[in-house]
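Sequence positions, counted from 1, serve as the residue numbers for this chain.
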Amino acid sequence: MLRFLLKLALGCIVLSTLTIFISRAVGSTRPVNPVLRGFTEGCEGQPQPCWYGIVPGRSKFSDARKWVQSWDSQEYREIESTATFDVNTRTVGSRFSPDSCYSFFHSTRPSSVVDYIELSDCPDLQFGDLINQFGAPDKIQFRIGIWGQFGEIAFILDSQGDVFNPRTKPRMLIMPSTDNVDLFFDWHGFASHRRYCQLEPQNYTCPQ
């Protein structure tokens, strides 16, 4: 009986190991979500982050405006807003195609370049697609939703509390990130805030 149980346990371990390897292999060959093609289309030879050829901090706002106006979209928007300290922000935005993210290109005067890009309302995009594209996040934080960063690309997930998984939808992507990641956790996978605090109890969001 003992020998049978040992064989059964060994079989379960081997089967579990094979399942993990197969899952990883399938994940690594999973095609890139077409919603994310803006990171490659028009960005050949450009530094990342780049979105349809527009590179924050380098591309002229006037070029971004012309580019967005050329898109076959009925959702073009152009906004000028004055915030505190008389900072004037210019924004153009639209969708490259019906199945793409809404793309906003922002420039803060007196800058003449695109200072940052904001992507939102990306159809059929999941957090797992971002991991497939960029690898594991560098940093993560639990706020109203889950915030985090892939290099210079910040993300906000549309999550309830600290519940998130590869199927969670991203609410917004911001390039480049302006967050102070010194206050963030290192990435420890799909765990709860409590588990992250066990691993990094010094984080300011953890009970002291």
Side-chain angles (χ1 to χ4, degrees), residues 20-61 63-79 91-107 113-140 145-160 163-179 187 189-190:
I20 291 170
F21 279 120
I22 291 171
S23 298
R24 287 180 178 175
V26 171
S28 65
T29 58
R30 180 180 176 181
V32 174
N33 189 316
V35 171
L36 299 176
R37 65 182 181 269
F39 285 107
T40 54
E41 195 167 314
C43 291
E44 300 82 358
Q46 297 282 5
Q48 287 291 343
C50 171
W51 185 251
Y52 287 112
I54 305 299
V55 179
R58 294 181 56 171
S59 299
K60 292 182 179 180
F61 183 78
D63 291 339
R65 177 193 286 119
K66 290 175 184 176
W67 176 231
V68 174
Q69 288 174 336
S70 72
W71 296 354
D72 185 18
S73 172
Q74 303 299 316
E75 300 180 81
Y76 176 82
R77 300 181 194 175
E78 184 162 349
I79 304 167
T91 300
V92 290
S94 191
R95 293 185 192 272
F96 181 74
S97 62
D99 62 344
S100 69
C101 304
Y102 209 106
S103 308
F104 293 97
F105 302 92
H106 301 275
S107 177
V113 301
V114 174
D115 293 313
Y116 65 100
I117 301 171
E118 179 185 323
L119 309 179
S120 62
D121 195 17
C122 302
D124 302 321
L125 183 65
Q126 300 179 348
F127 188 42
D129 295 315
L130 297 179
I131 294 175
N132 186 47
Q133 175 89 2
F134 305 114
D138 301 306
K139 298 286 184 177
I140 194 168
I146 308 295
W147 296 53
Q149 187 168 315
F150 297 98
E152 293 190 68
I153 302 173
F155 64 82
I156 306 173
L157 301 182
D158 191 13
S159 61
Q160 298 294 324
V163 177
F164 69 113
N165 58 55
R167 295 181 297 277
T168 304
K169 286 188 65 64
R171 184 188 308 164
M172 186 178 298
L173 301 178
I174 303 170
M175 315 178 283
S177 172
T178 57
D179 269 320
W187 172 251
F190 298 97

Q) Hey, is the main chain of Phe39 close enough, under 3.5 Å, to the side chain of Gln48 for a donor-acceptor pair? A) yes
Q.
Quick check: closest heavy atoms across Gln46 and Gly42, and the distance to 0.1 Å?
A. CG-O, 4.3 Å
**Q.** Distance in Å, Asn165 CG paired with Phe190 CZ, rounded so as to fall on 0.5 Å steps
**A.** 7.0 Å
Q: Please assess Val68 against Glu78 for the test side-chain contact (heavy atoms from CB on, under 4.5 Å), listing each intermediate value before the final yes or no.
A: CA-CA 10 Å; Val68 174; Glu78 184 162 349; over 6 Å; no
Q. Nearest heavy-atom pair of Arg171 and Gly145: which atoms, and what distance?
A. NH2-CA, 4.3 Å
Q. Residues two or more places apart in sequence or in another chain: which of them pass side-chain contact (heavy atoms from CB on, under 4.5 Å) with Asp115?
A. Ser107, Thr108, Ser111, Val113
Q. Can you tell if the side chain of Arg58 reaches within under 4.5 Å of the side chain of Pro47, non-hydrogen atoms only?
A. yes
Q: Considering non-hydrogen atoms only, spot the tightest contact between Asp99 and Pro123 and give its length.
A: O-CG, 3.4 Å
Q. Can any side-chain N or O of Trp67 pair as donor or acceptor with the backbone N or O of Tyr52 at less than 3.5 Å?
A. yes
Q.
Nearest 0.5 Å, please: how far is CG in Asp129 from CZ in Phe134?
A. 10.5 Å
Q.
Could you check whether any side-chain N or O of Asp138 sits under 3.5 Å from a backbone N or O of Gly151, counting only pairs where one atom can act as donor and the other as acceptor?
A. yes
Q: Could you grab the distance from atom NZ of Lys66 to atom CH2 of Trp71, nearest 0.5 Å is fine?
A: 15.5 Å
Q: Taking side-chain contact (heavy atoms from CB on, under 4.5 Å) as the test, write out the residues that go with Glu75, two or more places apart.
A: Ser73, Ser94, Arg95, Tyr102
Q) Can you tell me how far CZ of Phe155 sits from CG of Leu130, rounded to the nearest 0.5 angstrom? A) 7.5 Å
Q: Please identify each residue that fulfils side-chain contact (heavy atoms from CB on, under 4.5 Å) with Ile174, with sequence neighbours left out.
A: Tyr116, Ala154, Met172
Q. Which pair of non-hydrogen atoms, one from Lys169 and one from Cys122, has the smallest distance, and what is that distance?
A. NZ-O, 3.3 Å
Q) Which pair of heavy atoms, one from Ser103 and one from Leu119, lies closest together, and at what distance? A) OG-CD2, 3.7 Å
Q: Mind listing the closest non-hydrogen atom pair of Gly38 and Cys43 along with its distance?
A: O-SG, 3.6 Å
Q.
Taking CD in Gln160 as the centre, count heavy atoms belonging to other residues, nucleotides or ligands within less than 6.0 Å. Is the count above 12?
A. no
Q | Asn33 side chain vs Asp124 backbone, donor-acceptor pair below 3.5 Å | A | yes
Q: Mind checking the OG1-CD spacing from Thr40 to Gln133? Nearest 0.5 Å is all I need.
A: 7.0 Å
Q. To the nearest 0.5 Å, what is the distance between CZ (Arg65) and OH (Tyr76)?
A. 6.0 Å
Q. Does Phe164 reach the side chain of Ile140, with side-chain heavy atoms less than 4.5 Å apart?
A. yes
Q) Taking the six-membered ring for Trp, are Phe104 and His106 parallel (under 30°), tilted (30 to 60°) or perpendicular (over 60°)? A) parallel
(Q) Out of the candidates Asn132, Leu157, Ile146, only one should pair with Phe127 under the side chain to side chain contact (heavy atoms under 4.5 Å, CB included) rule; please name it. (A) Leu157
